[in-house]
Structures are given as C-alpha cells and as structure tokens.
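The model shown is predicted, which means the values in this text are computed figures rather than measured ones.
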Amino acid sequence: MTTLTPQQAEREARQALAANQFETAEALARALLAGGRGPLQIWALLATALRRQGRIEETRTIQQMLVDAAPQNVELRFDLAETLLLQGEFDRGWREYRFRYSLPHTTRLERHVQTPRWEGEPLPGKTLLIHDEQGYGDTFQFLRMVPWAKKKSGARVVLQISRELYPFARRMKGIDALVVRGEVPPPFDTHCEMMSLPMAMGLKMTDLPGRIPYLSLDQARVRHWRKRLADLPGPRVALVWAGRPNHFNDANRSVRLPDLAGLGMPDVTFLAVQQGPKAVEAASPPAGMRLVDLSGEIRDFDDTAAILSVIDLLISVDSSPVHLAGALGRPAWVMLPFIPDWRWLMKRADTPWYPSLRLFRQPAWGDWPAVVQAMAEELAQLRQASALS
C-alpha cells in the first residue's frame, strides 16, 4: 500500500473538492490533521469540504478557530462572514463582511475613497455618498436601504450607481442627487458602500423586508409589453436559466435550458428573458415547451421589469432578475443550489428579503432534476387554477 506524502494528500484533497467528491476531500484532510494539529490551509480545506456537504455548524466552528489563529487573514474572515450570514447571524456577520475586499474575485470592485466610512452616526448638514459596488442583483437588493440611510443620518444623500440601474434610482424617493459610476461625484463628507449599509445601520432580520415594492416601473415600457404579450395564452412564465458566466460560483448556480424540459406542459407559455451567451439556447427549446424568445427584444432592466409586471411568474436561477422581481413585489420561483449564496439562508422556502419569492432548493449537491420536478408539480397547480379562473 502506497503512503501519500502530505503534499500528495493535500493535492488529492483539492482535486477531490474540484470533482465534487467532498467526503473524499474530508477524509484526506482529516488524515493530514490527525492529532488535531496541522497547517491552516488544511483546516480551511476541511471547512470547505464540510460546508459543501451542508454541515454548516461544523464549518463555522473551524472557521472561527482559523480567524482566532490568523485574525489578519481577510480571506478567512470573509469565509466566516458568509457562513454567519448564511445562518442568519446578521450582527456579527455584517461586521465580518467588511473583509470582502482584497480577495481575488473582489479586488477589482474596491474603491479607494479619501473620506471616512459612515458608521451610522447622525450627519445633519453634511453630505453622505453611497455607492454601489457589486453585481446588479446586489444593488437591487440593497437599494431599499438608501432611503433608510437618509432618514437615519439626516444627511444629504448622493447615490453613485451603474448606468444600467440609474433609471430605477431616479424614480426612488430619499435620494438627493444621483451620479453614474465612473463620473466624479459632488463634494461629500463621508461615504458608505451600499453593502456596508447593513453594518452601519445594524440591520436585523426583523427590519426586513421594509416597504414592498420599493422600485417602480417605467409606465411607457409597461404599456408596450402589455400590448406585446396580450395575445399569448397563460399562465405566462418568464425563464432565466443562467447567471453571469464570469461569476465565481456560476457553475453551481446556472443550468442549461434543456435541464428545464420537465416544466413544459400544455397551456403554459414560457418567455425567454435570458441575457448573455446562454440566450442562444432559446432558439432550440425542449420538446413540449412552448417558448417565446424575448431575449433579443429586451434593451435593459426597464424592459425586464415591465415584462415581470404583466406576466404571471418568473422562474429563475439565482440571478439579478430574481432581485428585480422581489423589489417590485412580483412573484418569482428561485432555483437554488444545495449550498446557496448567503442571502438565501438555509432550509427555508421563503426569504425575509422578498415576500413574493419562493425558494426551490437542491436536496443534494447538483440535484437540479429534483428542483425541476418540485416546480413542475407546483406549476401544474398554477395551470389548473388559471384554467378555472
């Protein structure tokens, strides 16, 4: 029997993780940690193997030990933050989440601002700059807090936001001035990243969801899409099957359109609102699925929002249209991987962030067929109810 060197065992454990062989990775890591001692990177590897098996409490115990041993390691602190937030522990989770920068996939998002970060204190007579920082879905989710920040701070609030989401912010109350990301903002006294607002304001689960909807529609777009879709039989269900391909976790959160074949049924009209490279899959829908491809007609998020306002349902993987639907108070079913992004928590079919959303979770790693089957059963009931109305 060949005995592996520690280097070989670590390499094999990482290969097992990459191949989704989590129990094998765990066994190799534990062998390297026999006696309860070993390098931090092996403990971190073990934590990852446990997390992907859904053993979140064990994961947290190891991550806390790692942070205690290496408090300056921002990657370890960020991993702990995501686990805390996944468990719904907002108080400490938001504090640890400030370590999200200086990581390989977040460095490009960091903005170096030469004024203090707002920590939730009153700011009468001063100007607070709030700036977006991550993806479109993150911005949709946390835009609700900008008016809350104005009320708490008493400041003049300037919001810096991406050009794509500027129209939604322009229609919101509680924002004194808007500037597009990349342009120079007016003078300000203090700043806060949009996803640091929960830490600054001490956001608690009981504060959610706030007023819903908190985003509003371009009514001209609504009129256009109501006319465009009027003759399509219902229920009318929009589909998004893939997120942004360069997202670090996209392989776990996205599917292919053929994977949704089980949703196809008579009298249901599906609308492809998918954007990006995967939109081409709409040209060849699964057999038995009546699919109208709207991807090429959608110019921006205002079009997507208008479509969501006049149809019956959105079915989507974890992507920005889900957050847009939730912020508009529109119904959506969200397909989630076995271990989802922290904001969806664990073992819930609902979410405190958006009352109009339902969550359909993989029962085991990679088990999308079970998710599709559960949604198909619910969709059949929706179809029957529509036929009776």
Side-chain angles (χ1 to χ4, degrees), residues 1-107 247-254 318 336-348 359 361-368 370-371:
M1 180 176 179
T2 303
T3 302
L4 298 177
T5 67
Q7 293 77 14
Q8 290 172 326
E10 180 180 352
R11 184 167 59 251
E12 288 200 9
R14 296 193 183 282
Q15 290 171 347
L17 272 182
N20 296 336
Q21 298 170 356
F22 308 131
E23 292 180 358
T24 298
E26 177 192 353
L28 288 164
R30 289 194 184 279
L32 290 169
L33 297 169
R37 301 179 64 84
L40 293 185
Q41 72 266 20
I42 304 302
W43 283 105
L45 190 155
L46 175 60
T48 301
L50 293 171
R51 188 179 195 275
R52 294 184 185 178
Q53 293 177 67
R55 294 155 64 180
I56 303 302
E57 193 58 46
E58 294 175 74
T59 301
R60 175 180 169 175
T61 298
I62 294 174
Q63 289 175 336
Q64 182 62 66
M65 178 191 71
L66 292 171
V67 167
D68 291 342
Q72 303 306 314
N73 187 314
V74 294
E75 186 168 357
L76 295 176
R77 299 199 77 126
F78 178 74
D79 289 345
L80 176 61
E82 290 206 313
T83 298
L84 291 166
L85 292 173
L86 184 64
Q87 292 183 308
E89 294 204 18
F90 278 12
D91 187 33
R92 186 173 174 211
W94 297 126
R95 293 199 305 271
E96 295 292 339
Y97 195 62
R98 72 186 186 275
F99 294 103
R100 61 192 175 276
Y101 290 127
S102 303
L103 303 174
H105 66 283
T106 60
T107 299
H247 187 278
F248 74 98
N249 194 41
D250 193 61
N252 292 321
R253 68 172 182 164
S254 293
D318 181 7
L336 293 179
F338 181 57
I339 303 300
D341 187 81
W342 56 263
R343 72 201 73 214
W344 303 117
L345 305 171
M346 293 290 289
K347 300 179 181 178
R348 294 181 61 143
L359 310 181
R361 300 173 180 269
Q362 289 181 348
W365 190 274
D367 192 356
W368 288 123
V371 172

Output all residues satisfying salt bridge (charged side-chain N to carboxylate O under 4.0 Å, His left out) with Arg60, sequence neighbours left out; order by chain, then residue number. Glu89
So do Asn252 and Trp365 actually touch side chain to side chain, heavy atoms under 4.5 Å? yes
N/O donor-acceptor pairs under 3.5 Å from side chains in residues 21-34, not counting sequence neighbours:
| residue | atom | partner | partner atom | Å |
| --- | --- | --- | --- | --- |
| Glu26 | OE1 | Gln53 | NE2 | 3.0 |
| Glu26 | OE1 | Arg55 | NH1 | 2.9 |
| Glu26 | OE2 | Arg30 | NE | 2.9 |
| Glu26 | OE2 | Arg30 | NH2 | 3.3 |
| Glu26 | OE2 | Arg55 | NH1 | 3.4 |
| Glu26 | OE2 | Arg55 | NH2 | 3.2 |

Could you tell me which residues satisfy side-chain contact (heavy atoms from CB on, under 4.5 Å) with Ala69, sequence neighbours excluded, listed by chain and number? Leu40
What residues form a ring-ring contact (aromatic ring centres under 6.0 Å, His included) with Trp43, not counting sequence neighbours? none
Using 0.5 Å steps for rounding, measure from the CG atom of Leu84 to the OH atom of Tyr97. 13.0 Å
Rounded distance [0.5 Å steps], CD1 in Ile62 versus CG in Leu46: 4.0 Å
Residue pair Lys347 / Arg361, side-chain heavy-atom distance below 4.5 Å: no
Going by the rule side chain to side chain donor-acceptor pair (under 3.5 Å), which residues pair with Asp318 if we only count those two or more places apart in sequence or in a different chain? Trp344
Just jot down the side-chain contact (heavy atoms from CB on, under 4.5 Å) partners of Pro39, sequence neighbours excluded, or say none. Gln41, Ile42
Reported CZ-to-CH2 distance for the pair Arg253 and Trp368, which is rounded to 0.5 angstrom: 10.5 Å
With sequence neighbours left out, write down each residue that passes side chain to side chain donor-acceptor pair (under 3.5 Å) with Thr83, or none if nothing qualifies. Gln63
Salt bridge (charged side-chain N to carboxylate O under 4.0 Å, His left out) against Arg11, all qualifying residues, sequence neighbours excluded: none
Please name all residues satisfying side chain to side chain donor-acceptor pair (under 3.5 Å) with Asp91, sequence neighbours left out, ordered by chain then number. Arg95
Could you tell me if the side chain of Asn73 sits less than 4.5 Å from the side chain of Leu66, heavy atoms only? no
Tell me the closest heavy-atom pair linking Arg343 and Asp341, and the distance in Å. NE-OD2, 2.5 Å
Once side-chain contact (heavy atoms from CB on, under 4.5 Å) is applied, do any residues pair with Met346, and if so which ones, sequence neighbours excluded? Ile56, Leu86, Ile339, Pro340
Return the minimal non-hydrogen interatomic distance between Leu85 and Leu345, and the atom names on each side. O-CD2, 3.3 Å
How far does CD of Glu10 sit from CD of Gln15, to the nearest 0.5 angstrom? 11.0 Å
For the atom pair CD (Gln64) and CZ (Arg92), what is the distance rounded to the nearest 0.5 Å? 4.0 Å
In chain order, what residues pass the side-chain contact (heavy atoms from CB on, under 4.5 Å) check against Pro71, with sequence neighbours excluded? Arg77
Quick one: which residue pairs count as a ring pair (Phe, Tyr, Trp, His ring centres under 6.0 Å) with a foot in residues 45-71, not counting sequence neighbours? none
